[in-house]
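What follows is a single structure, written as structure tokens, with notes after it.
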Number of protein chains: 2
Amino acid sequence: MLHEEVVGRIRAILLDGEIPPGARIPERELCERLEISRTPLREALKVLAAEGLVQLLPHRGSRAAKLTDKDMRDLFEVCQGLEALAGELACERITDAEIGAIAAAHDEMVRHYRDGDLIQYYRGNRAIHEAIVTAAGNPVLAGLYTSVTARIRRARYVTPMTPQRWALAVKEHEAILNALQRRDGVGLAHILRAHLRHKREEVLQAGFAETEGNDVTLRIA
Amino acid sequence: MLHEEVVGRIRAILLDGEIPPGARIPERELCERLEISRTPLREALKVLAAEGLVQLLPHRGSRAAKLTDKDMRDLFEVCQGLEALAGELACERITDAEIGAIAAAHDEMVRHYRDGDLIQYYRGNRAIHEAIVTAAGNPVLAGLYTSVTARIRRARYVTPMTPQRWALAVKEHEAILNALQRRDGVGLAHILRAHLRHKREEVLQAGFAETEGNDVTLRIA
DNA sequence: TTTTACACTTTTGAATGCAAAATTTGCGAT
DNA sequence: ATCGCAAATTTTGCATTCAAAAGTGTAAAA
């Protein structure tokens, strides 16, 4: 198993909440499960610690990082900035074909909205946001975006929404698509920022910070 | 020696250009020099690879990452976005004391400009940009900023400037300070973006991409 | 009964050793 | 002299091992 694959698998375990935020990461167990020894596992944990997904305590092992309200706020704030930048750049560089693909994804997402299928809606939603970032044509930006969104993914794509909020989000997505089609970078940046600001308020109001005894996984079910 | 210290020391070696971009990283030598064994060294290298400072080639060791023109452009683009965001947030949150400190740093920097001391000018310049990011009060943002700026530091703070460009940069810094004092977030974001755009053009024009046979260190001397 | 001291266990962090892969060296053929 | 190929050497990646630190349990003393 390659180094990057080890990192990826542990990242998946953490993002799935299989090891819940704040819990200790059992080196021995993970080694057995991934069928590797402690050396490559520990290398991966240090990388994930640098990413912010794992917290290393000297001589006390590693834990799955826990996000406070402040962390969540900071991450959303940065995410807003990154998506706004991506939107502006995308408008300069996006091809008609890419716009077409996003429009198709948008229509499909709206169908899931009408069907009331939140899971599928979120899936499409995420694909659109990622497509915009990709269209920006900046791998550095894409990398930071991936890393920041990974940390808030569970909160962002798991929060239940009220009908009102959901309707607003869909409306905002109409505006996002529209700005893209007009290649209105400044406008797109604005609407993306507002869109994420609303999402953040939603998440924080729902109390989704990963603090003591707040098991998000339970709430999902 | 603590893990973070190992990472820091290798980072410094790379940023100083002691191991020039593209060169192989000699594990054995570094181990002896840092007086550690290969295990912690390799952990550090993987972390630095995740940061983009080191390139890992499976079964072929690690090299100091080399930046192409495109990489440089992408990094500056992201840096613009991060600084603009930091500027906006800073205007919302900065204290009078912090503004005072930045004003003092600014005055000192201008003195170095008048003295024609580019090294000291750059040092002060960097301190101001970092102070603005700090004033944004967002550690996630600060972390990304540190990591992105580290990668372009040599280009950013080493490029020789023409008198015209230097004068323009100082003028822009007057505007930066002014916007901060007025707590004009949008204005500050704009001027920071323009400032960095100019810097990027300067760097790219100077041909500072770390491509084959382009030893930046030589040019500094 | 509560607290503290102490031995014991577990776990962490790092050095060493070993097999596999890659690079370099040496030699023969053209 | 140059090219090609095989043997030798080096280097990489990982498993194992070892010392040190943290955690745990027990028993004695207050």
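Below, chains carry the letters A, B, ... as their sequence lines are ordered, and counting in each starts from 1. Here the structure is a predicted model, which is why all the values come from computation and not from measurement.
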note = In short, salt bridge (charged side-chain N to carboxylate O under 4.0 Å, His left out) pairs touching residues 72-84 of chain A with sequence neighbours left out are A/Lys70-A/Asp74, A/Glu77-B/Arg93, A/Glu83-A/Arg156
message = The criterion is side chain to side chain donor-acceptor pair (under 3.5 Å); which residues satisfy it with A/Glu201, sequence neighbours excluded?
response = none
Nearest-angstrom distance from the residue atom CG of B/Leu41 to C1' of D/dG13 = 13 Å
note = Here the distance between atom P of C/dT23 and atom CZ of B/Arg63, to the nearest Å, is 9 Å
message = Quick test of your reading: applying ring pair (Phe, Tyr, Trp, His ring centres under 6.0 Å), list the pairs with at least one residue in residues 127-154 of chain B, sequence neighbours left out, ordered by first then second residue.
response = B/His129-B/His173, B/His129-B/His195
message = Can you confirm whether A/Leu82 sits close enough to A/Val133 that some side-chain heavy atom of one is under 4.5 Å from a side-chain heavy atom of the other?
response = no
key: Under 4.0 Å protein heavy-atom contacts per nucleotide of nucleotides 14-21 of chain D, with B for base, S for backbone only and - for none   = SBBB---S
Distance-only donor-acceptor hits, side chain of residues 20-28 of chain A, under 3.5 Å, sequence neighbours excluded:
residue : atom : partner : partner atom : Å
A/Glu27 : OE1  : A/Arg38 : NE           : 2.8
A/Glu27 : OE1  : A/Arg38 : NH2          : 3.4
A/Glu27 : OE2  : A/Arg42 : NH1          : 3.1

So which protein N/O to nucleotides 9-11 of chain C N/O distances come out below 3.5 Å?
none

ask   = CG of B/Leu34 versus C1' of C/dA14: gap in Å, rounded?
value = 14 Å
ask   = Whole-Å distance between D/dT11 C1' and B/Ile25 CD1?
value = 14 Å
key: Interatomic distance where CG belongs to B/Leu57 and P belongs to D/dT11 [whole Å]   = 16 Å
query = Can you list the residues that meet the ring pair (Phe, Tyr, Trp, His ring centres under 6.0 Å) rule with B/Tyr122, with sequence neighbours excluded?
reply = B/Tyr157
inquiry  = Under the rule for side chain to side chain donor-acceptor pair (under 3.5 Å), what residues qualify as partners of B/Arg60, not counting sequence neighbours?
reply    = none
Would you tabulate the side-chain donor-acceptor contacts of residues 44-57 of chain B under 3.5 Å, counting partners in other chains and residues two or more places apart, or write 'none'?
residue : atom : partner : partner atom : Å
B/Lys46 : NZ   : A/Glu43 : OE1          : 3.3
B/Glu51 : OE1  : B/Arg11 : NH1          : 2.5
B/Glu51 : OE2  : B/Arg11 : NH1          : 2.7

